[in-house]
Amino acid sequence: MSVKTCVEAVQARIRAAALAAGRDPAEITLVAATKVQTSDTIREAIQAGITCCGENRVQEFNTHWKDGAYEGAEVHFIGHLQKNKVKYLVGKVSLIESIDSEGLMTAVSDRAVKTGVVQDILIEVNIGGEASKSGAAPAEVEALLRLAADLPGVRARGLMAIPPVAEQPGENQRYFREMYQLFVDMRGKMADNGECMDILSMGMSGDFEDAIAQGATQVRVGTALFGQRPPMRANG
Ligand SMILES: *Cc1c(COP(=O)(O)O)cnc(C)c1O
């Protein structure tokens, strides 16, 4: 199947899932997870209607950026991020979704101040409590959001999660539900501070409909758009 056919099919599924949940499909952003794809494939996806690309690796981002492959779309960074690579992203990507520590957040803020921008970020939450995964513990999220409100170079727009790999269909519903509750709770607390949180990023190829049913505003989809990827390192 062509990328265009896949993009249209995923968009139709998002629309159907939103309507089934009594939600406006326009509330949900499809982020194309473009790891291991070529610049040409990214251009093809944007041509087919993709408005937002999600990158996992700074090196791949740099290559596609130099190629001008993202023209017509914005880019989110969705992978594990090291402090020394923050400088390649700040001011270029519209959202860094994977902030999970005070140190990383402070590095992003410092760089943003130096560059003269305010960088939008999400807090990545390790909702399944998996030792192998990055992400802040749910109990750490409030302190991170309060730090974001104090730092001049970042604006926290919401939360992101990658739940455990599901063995049965529907298994992640409970994690999506927990994430939504955390999101609503934190959004309320931050609103008291005058901060506006409007993004909940969760759901991938295998479960984005469940995530939409539970309140996701953004789904990150790779395989359903581009086909199976070759095996790779889990994080990076
Ligand atoms: C690869 C990736 C996705 C998309 O995964 P698929 O199962 O291929 O849809 C979503 N989020 C992150 C952070 C990813 O690394």
Side-chain angles (χ1 to χ4, degrees), residues 1 3 5-14 17 28-38 41-42 44-45 48-61 63-64 70 73-82 85 89 93-101 104 120-128 130 132-136 157-173 175-176 179 183 199-214 216-236:
M1 263 200 293
V3 171
T5 310
C6 294
V7 168
E8 284 167 359
V10 169
Q11 283 169 336
R13 285 170 62 190
I14 289 172
I28 295 143
T29 304
L30 169 59
V31 179
T34 44
K35 58 179 171 272
V36 316
Q37 306 304 329
T38 63
T41 302
I42 290 172
E44 211 181 318
I50 290 296
T51 57
C52 184
C53 297
E55 286 292 354
N56 278 73
R57 292 178 178 172
V58 172
Q59 203 181 327
E60 289 183 32
F61 168 75
T63 303
H64 300 317
Y70 301 120
E74 49 180 287
V75 186
H76 293 184
F77 191 78
I78 62 176
H80 183 65
L81 181 56
Q82 288 165 315
K85 295 195 174 157
L89 302 179
V93 300
S94 57
L95 186 66
I96 300 177
E97 301 200 12
S98 45
I99 301 295
D100 62 357
S101 72
L104 181 59
D120 280 353
I121 60 169
L122 301 182
I123 306 299
E124 180 178 346
V125 183
N126 185 356
I127 194 66
E130 297 170 282
S132 61
K133 270 201 190 140
S134 43
R157 295 284 302 274
L159 307 180
M160 180 269 232
I162 310 172
V165 175
E167 266 142 39
Q168 305 287 331
E171 211 173 61
N172 279 337
Q173 291 268 16
Y175 294 115
F176 292 144
M179 276 304 300
F183 175 67
I199 301 175
L200 178 58
S201 172
M202 59 185 190
M204 316 202 301
S205 291
D207 54 19
F208 66 84
E209 282 132 326
D210 289 342
I212 290 168
Q214 299 302 333
T217 69
Q218 189 178 293
V219 295
R220 309 174 309 267
V221 179
T223 308
L225 296 174
F226 303 114
Q228 285 293 339
R229 292 177 297 272
M232 62 181 289
R233 286 180 296 136
N235 227 346

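In this chain, numbering begins with 1 at the start of the sequence shown. Values below: all heavy atoms of this structure, side chains included; hydrogens, waters and symmetry mates excluded. Just follow the structure's listing: the first ligand is 1, and inside any ligand the first atom is 1.
Using bins of under 30°, 30° to 60° and over 60° for the plane-to-plane angle, the ring pair Tyr70/His64 lands in the perpendicular bin.
Looking at Thr34 and Glu55, their side chains do bring a donor and an acceptor atom within 3.5 Å of each other.
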When you look at Ile14 and Ile212, which way does the side-chain contact (heavy atoms from CB on, under 4.5 Å) test go after all the steps? CA-CA 8 Å; Ile14 289 172; Ile212 290 168; 3.9 Å; yes

Begin with the C-alpha distance, continue with both residues' side-chain angles, and end with the deciding distance and a verdict on side-chain contact (heavy atoms from CB on, under 4.5 Å) for Val58 and Phe77.
CA-CA 8 Å; Val58 172; Phe77 191 78; 3.9 Å; yes

Pairwise, report which nitrogen or oxygen atoms of ligand 1 are under 3.5 angstrom from protein nitrogen or oxygen atoms, and how far apart they are.
{"residue": "ligand 1", "atom": "8 (O)", "partner": "Thr223", "partner atom": "N", "Å": "2.8"}
{"residue": "ligand 1", "atom": "8 (O)", "partner": "Thr223", "partner atom": "OG1", "Å": "2.6"}
{"residue": "ligand 1", "atom": "8 (O)", "partner": "Arg229", "partner atom": "NH1", "Å": "2.7"}
{"residue": "ligand 1", "atom": "8 (O)", "partner": "Arg229", "partner atom": "NH2", "Å": "3.1"}
{"residue": "ligand 1", "atom": "9 (O)", "partner": "Ser205", "partner atom": "N", "Å": "2.9"}
{"residue": "ligand 1", "atom": "9 (O)", "partner": "Ser205", "partner atom": "OG", "Å": "2.5"}
{"residue": "ligand 1", "atom": "9 (O)", "partner": "Gly222", "partner atom": "N", "Å": "2.8"}
{"residue": "ligand 1", "atom": "11 (N)", "partner": "Arg220", "partner atom": "NE", "Å": "2.9"}
{"residue": "ligand 1", "atom": "15 (O)", "partner": "Lys35", "partner atom": "NZ", "Å": "2.7"}
{"residue": "ligand 1", "atom": "15 (O)", "partner": "Asn56", "partner atom": "OD1", "Å": "3.3"}
{"residue": "ligand 1", "atom": "15 (O)", "partner": "Asn56", "partner atom": "ND2", "Å": "2.8"}

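Here the options are Val219, Thr5, Leu225, Ile50, the test is side-chain contact (heavy atoms from CB on, under 4.5 Å), and the partner is Val10; only Leu225 passes.
Every residue was checked against the salt bridge (charged side-chain N to carboxylate O under 4.0 Å, His left out) condition with Asp210, not counting sequence neighbours, and none meets it.
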